[in-house]
Q: 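The structure's right below; bear with me while I get my questions together.
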Amino acid sequence: ETRIKANQNELKRLMLALLPVWDGMDGGQTFETIGIDSPVGPVSAASFGLTMGMSGVTDGASIRYGVSLAEPKLPDGLLPPWAVALLPTKTELNFAGVNLDLDVAVRKAVEAFDLGRVPPMDPSVSDEIAALFLAKGPKFVIEPSTIRNADTTFTIAGEVVGEPGGRPVVDMTVEADGYDKLVAALTAAAKSDPIAQQAQPVALAGQTMAKR
């Protein structure tokens with residue numbers, strides 16, 4: 001620890017020389033025919049997948065994640081029959097953070113820290129780094145994603161843009177194919193099920209506001 005503190009300028013030089021650490025990294029894993037014994041009974045799925053990709057520490061960097069789930073099955077009796085019929089049979093969700101100025105943030109942090117001080121970085125520097133990061137207009141992106149069951153398919157895409165000191169701006173498109181069948185199922189179930197009675201007005205409102 002004493003040697004590191006005495007030579008922290010050299011440490012900083014070596015850390016900055018590593019950038020961007022890597023040019024790009026991608027990976028993924030898919031688990032097939034999985035099952036879990038839960039306190040309420042067995043839970044299973046035909047497959048469950050995760051993917052991740054990220055650029056190096058650069059200006060305009062990106063980080064991407066994907067999650068997929070096929071044919072999930074819940075314990076018998078956990079959901080009413082009408083809800084089981086609406087349970088998604090395949091879900092693919094894709095998210096990303098883009099236009100991330102990681103280079104400036106990391107360089108600023110490395111240059112500012114002092115191992116002889118507690119804490120090593122002045123809180124005002126952290127605030128400055130956050131302001132610089134947001135000033136570049138980073139975006140949280142929902143890349144084309146789908147949720148489908150036997151009769152209905154939802155497709156979702158959009159982005160959330162943050163501004164320093166301001167509220168995030170959301171621009172999102174949701175498309176539904178077979179939505180009438182979902183509404184019909186909820187309407188039929190609402191005749192006898194209190195949960196369906198609560199969900200039906202929301203589904204009808206979505207049907208009313210949507211462009212056909």
Q: Please report the shortest heavy-atom distance between T89 and N149, naming the atom on each side.
A: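 For T89 and N149, the tightest heavy-atom pair comes out as OG1-CA, 3.5 Å.
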
Q: Once rounded to the nearest 0.5 Å, what's the spacing between atom NZ of K211 and atom OG1 of T173?
A: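 Here the rounded value is 9.5 Å.
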
Q: Just by distance, do the side chain of D193 and the backbone of A189 share a donor-acceptor pair under 3.5 Å?
A: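 Checking the backbone N and O of A189 against the side chain of D193, no donor-acceptor pair under 3.5 Å is found.
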
Q: Checking Q197 side chain against A190 main chain: does a donor-acceptor pair fall under 3.5 Å?
A: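 Yes; judged by distance alone, with no hydrogens or angles, the pair exists.
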
Q: State yes or no: do I142 and V161 share one hydrophobic cluster built from I, L, V, M, F, W and Y residues joined by side-chain heavy-atom distances below 4.5 Å, directly or via other members?
A: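 No; tracing contacts between hydrophobic side chains, which count when under 4.5 Å, never links both residues.
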
Q: For I147 and I156, run side-chain contact (heavy atoms from CB on, under 4.5 Å): C-alpha distance rounded to whole Å, both residues' side-chain angles, the deciding distance at 0.1 Å, then the answer.
A: CA-CA 8 Å; I147 301 173; I156 308 164; 4.3 Å; yes

Q: Quick one: pull up OG in S38 and CG in L74 and give me the separation to the nearest 0.5 Å.
A: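 If we round to the nearest 0.5 Å, S38:OG and L74:CG are 8.5 Å apart.
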
Q: Please name the residue in the list T146, V174, T91 that meets the side chain to side chain contact (heavy atoms under 4.5 Å, CB included) test with F154.
A: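 So, applying the side chain to side chain contact (heavy atoms under 4.5 Å, CB included) to F154 and each of T146, V174, T91, only V174 qualifies.
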
Q: Answer yes if V125 and L115 sit in the same cluster of Ile, Leu, Val, Met, Phe, Trp and Tyr residues linked by side chain heavy atoms under 4.5 Å apart, and no otherwise.
A: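 Yes, V125 connects to L115 through the hydrophobic network.
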
Q: Can you measure from CZ (R148) to NZ (K90) and round to the nearest 0.5 angstrom?
A: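 It comes to 6.0 Å.
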
Q: For D76, is the CG atom crowded, meaning more than 12 foreign heavy atoms sit under 6.0 Å from it?
A: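 Atom CG in D76 is not packed in, count stays at 12 or less.
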
Q: Compare all side-chain heavy atoms of F48 with those of V67 and state whether any distance is below 4.5 angstrom.
A: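 Yes, at least one pair of side-chain atoms sits under 4.5 Å.
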
Q: Give a yes or no answer on whether the side chain of T152 reaches the backbone of K181 with a donor-acceptor pair at less than 3.5 Å.
A: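 Judged by distance alone, no pair lies under 3.5 Å.
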
Q: So, for M54 and W22, which heavy atoms are closest and what is the spacing to 0.1 Å?
A: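 Answer, listing the atom of M54 first, then W22: O-NE1, 3.8 Å.
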
Q: Does L87 form a side-chain contact (heavy atoms from CB on, under 4.5 Å) with L79? I'd like the steps, not just the answer.
A: CA-CA 9 Å; L87 192 69; L79 297 176; 4.3 Å; yes

Q: Hey, any chance M52 and F140 share a hydrophobic cluster, counting ILVMFWY side chains that come within less than 4.5 Å of each other, even indirectly?
A: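 Shared cluster, no.
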
Q: So, does N94 use its side chain to make a donor-acceptor pair with the main chain of P144 at under 3.5 Å?
A: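 Checked: pair present.
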
Q: So which heavy atom on P168 is nearest to which on V160, and how close?
A: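 That would be CB-CG1, 3.7 Å.
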
Q: What is the distance from atom CZ of F113 to atom CG of D122, rounded to the nearest 0.5 Å?
A: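 Between atom CZ of F113 and atom CG of D122 there are 14.5 Å.
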
Q: Between V183 and L204, is a side-chain contact (heavy atoms from CB on, under 4.5 Å) present by the stated rule, with each step listed?
A: CA-CA 7 Å; V183 173; L204 288 172; 3.6 Å; yes

Q: Tell me the closest heavy-atom pair linking G41 and P75, and the distance in Å.
A: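 Minimum heavy-atom separation between G41 and P75: C-CG, 3.5 Å.
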
Q: Report whether L86 and L69 are members of the same hydrophobic cluster (ILVMFWY, side-chain heavy atoms less than 4.5 Å apart, transitive linking).
A: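 In one cluster: no.
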
Q: Should K12 and L14 count as side-chain neighbours, where that means a heavy-atom distance under 4.5 Å?
A: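 They are not in contact (no side-chain heavy atoms under 4.5 Å apart), so the answer is no.
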
Q: Please name the pair of heavy atoms, one in A61 and one in G56, separated by the smallest distance, quoted to 0.1 Å.
A: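 The pair with the smallest heavy-atom distance is CB-O, 3.6 Å.
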
Q: Under a single-linkage definition using a 4.5 Å side-chain heavy-atom cutoff for Ile, Leu, Val, Met, Phe, Trp and Tyr, are V110 and L18 assigned to the same hydrophobic cluster?
A: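 In one cluster: no.
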
Q: Is it the case that over 12 heavy atoms from other parts of the model lie below 6.0 angstrom from the CD atom of E71?
A: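 Counting other residues, nucleotides and ligands, CD of E71 stays at 12 neighbours or fewer.
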
Q: Atom CG of L93 and atom OG of S68: how far apart are they, to the nearest 0.5 Å?
A: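 Separation between the atoms: 9.0 Å.
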
Q: Set out, in order, the CA-CA distance, both residues' side-chain angles and the distance that settles side chain to side chain donor-acceptor pair (under 3.5 Å) for E92 and S145, then state yes or no.
A: CA-CA 5 Å; E92 294 180 353; S145 301; over 6 Å; no

Q: Grab the two heavy atoms, one from P138 and one from L100, that are nearest each other, plus how far apart they are.
A: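 Smallest interatomic distance, heavy atoms only, reads CB-CD2, 3.7 Å.
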
Q: How long is the span from the CG atom in N99 to the NZ atom in K139, to the nearest 0.5 Å?
A: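 Output value for this atom pair is 7.0 Å.
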
Q: Tell me the salt bridge (charged side-chain N to carboxylate O under 4.0 Å, His left out) pairs involving residues 98-121, sequence neighbours left out?
A: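 Sorted result for residues 98-121: D101-K136, D103-R107, K108-E128.
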
Q: Where do R64 and E143 land on the salt bridge (Lys or Arg N to Asp or Glu O under 4.0 Å) test, with the steps shown first?
A: CA-CA 9 Å; R64 288 181 162 79; E143 298 183 325; 2.7 Å; yes

Q: Quick one: does D177's side chain have a donor or acceptor within less than 3.5 Å of a partner on T153's backbone?
A: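 Judged by distance alone, no pair lies under 3.5 Å.
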
Q: Check whether Y65 reaches the backbone of G53 with its side chain - one donor and one acceptor, N or O, closer than 3.5 Å.
A: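 Checking the backbone N and O of G53 against the side chain of Y65, no donor-acceptor pair under 3.5 Å is found.
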
